[in-house]
Amino acid sequence: MTSSDELQKRRSSAVARGVGSVINSYVDSASGGTLTDVDGRRWIDFAAGIAVTNVGNSAPRVVEAVRAQVERFTHTCFMVAPYESYVAVCEQLNALTPGGFEKRSALFNSGAEAVENAVKVARHATGRSAVVVFDHAYHGRTNLTLALTAKNMPYKHRFGPFAGEVYRVPMSYPLRDGGLDGATAAARAIETIEKQVGAENVAALLIEPIQGEGGFVVPAKGFLPALRTWATAAGAVFVADEIQTGFCRTGDWFACQHEGVEPDLVTLAKGMAGGLPLAAVTGRAELMDAVHVGGLGGTYGGNPIACAAALAAIETMRELDLAGAARRIGTVLGDRLRAVAARDPRIAEVRGRGAMLAVEIVTPGTLTPDPSATAAVSAACHAAGLLTLTCGTYGNVLRFLPPLVISDDDLARGLDILDAAFG
Ligand SMILES: *Cc1c(COP(=O)(O)O)cnc(C)c1O
């Protein structure tokens, strides 16, 4: 078989340099909590393809559903000739997402496309244009979503000009805002909106209930509910970007449920379809249905194979109680991370929820981010066969996103490697 070294050579003369990879090993196969590379090496997976394979790779129900669908038909375009599985996925999303009100959904290909469409719906329904986003936010890499994303390198650098009418306000980031309580942090964000944008101009307030790429920042308790209340009073659409937090990752179906927040619209992708590309906007029927017929769509959105995979993945999450699994993983992982933090002063904080946990790494005794120590720990994990990811505005957060079906054995082995990587 072709080795990773050979593939790396072919890649450098075939694949654009701008597309990076975390590791230089090429995957041959993958299952619940492990990957095997083409060199025959086994990796423990604490990345899940960036919170995508919550049900594991090639989950049995997903494989079966995809196989059956691919033999029946592969694509008709829902906008041309519709089919049941698209409707069934929308029914599932309407029922699963927070909020007892009447809902509608529309399906797309990627998270960024879902976010773009949530903004389209919010602007159309309100007749307003401003979109409010937060420091450290990540919402995608298309032109509008780059405007919504906070971080310059590597995402935005030299890719502008970006879409207009996007306003950034302070996030609740307890480690770095002096530990402001949720209500105070929300008041600070709201004051910025009211002074710099004007409440009556806001079409959408868009927020990740726990930030993903921005550093697994968990806002202080009360922050999200206060913003939800403000948005209602302002007539602005509250959009929760649950693309990374969704589908059992944080120990609930969706992270907003933790504080009982009911968003007007939710954007969904990543964990939704067991690894197939599928995304959605789900929310209040009166907002979603405000858009004229033909105003939403796309050639591949809600592809029948991806829809079959999503129905199977959702069924798997229910059947195996993967929200419960995420809570159990969170306890084991969190206990171990706190034990490491107790002996290693570079760890300023262990944070996250369920199976979405991270450590923020600093120069001991300060809050100065230490991205090189973070990269070194991550590299030590990789050298020992544990696939981990970093994130954060300052590149100093090591994050853990194991598949929710990871075995106790693989989880324990991964934690031993992680523990040793801190030295
Ligand atoms: C990954 C992500 C996106 C973008 O999704 P893509 O499928 O990569 O376009 C948007 N928002 C959040 C919170 C994400 O984590």
Side-chain angles (χ1 to χ4, degrees), residues 18-22 47-54 97 106-120 122 131-151 154-156 159 162-163 166 168 171 173 204-219 224 238-250 254-256 261 263 265-283 298 300-303 306 309-310 313 352-358 389-393 397 399-401:
V19 183
S21 296
V22 173
I50 320 185
V52 168
T53 52
N54 292 3
T97 51
L107 305 183
F108 305 98
N109 302 295
S110 67
E113 207 187 345
V115 172
E116 293 245 0
N117 278 278
V119 171
K120 280 170 66 176
V131 181
V132 171
V133 290
F134 290 80
D135 284 333
H136 314 289
Y138 182 88
H139 297 293
R141 293 175 181 261
T142 57
N143 185 268
L144 171 61
T145 58
L146 278 180
L148 304 169
T149 288
K151 192 175 174 177
Y155 308 125
K156 301 174 78 159
F159 294 133
F162 303 111
V166 172
R168 192 170 307 285
M171 178 64 182
Y173 190 160
L205 188 150
L206 170 64
I207 189 164
E208 299 155 89
I210 296 177
Q211 290 183 322
E213 308 305 301
F216 281 30
V217 178
V218 185
L224 295 171
F238 184 98
V239 186
D241 181 345
E242 292 249 17
I243 289 169
Q244 192 154 157
T245 49
F247 295 101
C248 301
R249 175 54 57 185
T250 66
F254 300 99
C256 277
V261 168
L265 300 178
V266 187
T267 54
L268 303 166
K270 294 198 166 97
M272 179 170 175
L276 275 84
L278 188 66
V281 182
T282 296
Y300 289 111
N303 167 273
R353 193 179 303 140
M356 182 173 183
L357 295 186
L389 303 173
T390 58
C391 64
T393 295
V397 178
R399 60 170 155 170
F400 311 106
L401 292 163

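The figures here come from the full heavy-atom set of this structure, side chains too, leaving out hydrogens, waters and symmetry mates. One-based numbering, in listed order, for ligands and for the atoms of each.
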May I ask you to say whether Glu113 pairs ionically with Lys120, meaning some side-chain N is under 4.0 Å from a carboxylate O? no
Say you draw a straight line from CD1 of Ile243 to CD of Glu208; how long is it, rounded to the nearest 0.5 Å? 8.5 Å
Distance from Glu116 atom CD to Thr145 atom OG1, nearest 0.5 Å? 5.5 Å
Can you tell me if OH on Tyr155 sees more than 12 non-hydrogen neighbours from other groups inside 6.0 Å? yes
Taking the six-membered ring for Trp, are the ring centroids of Phe108 and Tyr300 within less than 6.0 Å of each other? no
Kindly print each ligand 1 N/O atom paired with any protein N/O atom under 3.5 angstrom away, one pair per line, or none if nothing qualifies.
{"unit_1": "ligand 1", "atom_1": "7 (O)", "unit_2": "Gly111", "atom_2": "N", "d": "2.7"}
{"unit_1": "ligand 1", "atom_1": "9 (O)", "unit_2": "Gly111", "atom_2": "N", "d": "3.3"}
{"unit_1": "ligand 1", "atom_1": "9 (O)", "unit_2": "Ala112", "atom_2": "N", "d": "2.8"}
{"unit_1": "ligand 1", "atom_1": "11 (N)", "unit_2": "Tyr138", "atom_2": "O", "d": "3.4"}
{"unit_1": "ligand 1", "atom_1": "11 (N)", "unit_2": "Asp241", "atom_2": "OD1", "d": "3.4"}
{"unit_1": "ligand 1", "atom_1": "11 (N)", "unit_2": "Asp241", "atom_2": "OD2", "d": "2.7"}
{"unit_1": "ligand 1", "atom_1": "15 (O)", "unit_2": "Gln244", "atom_2": "NE2", "d": "2.9"}
{"unit_1": "ligand 1", "atom_1": "15 (O)", "unit_2": "Lys270", "atom_2": "NZ", "d": "2.6"}

Among Gln244, Lys151, His136, which residue satisfies the side-chain hydrogen bond (donor to acceptor under 3.5 Å, both in side chains) criterion with Glu213? Gln244
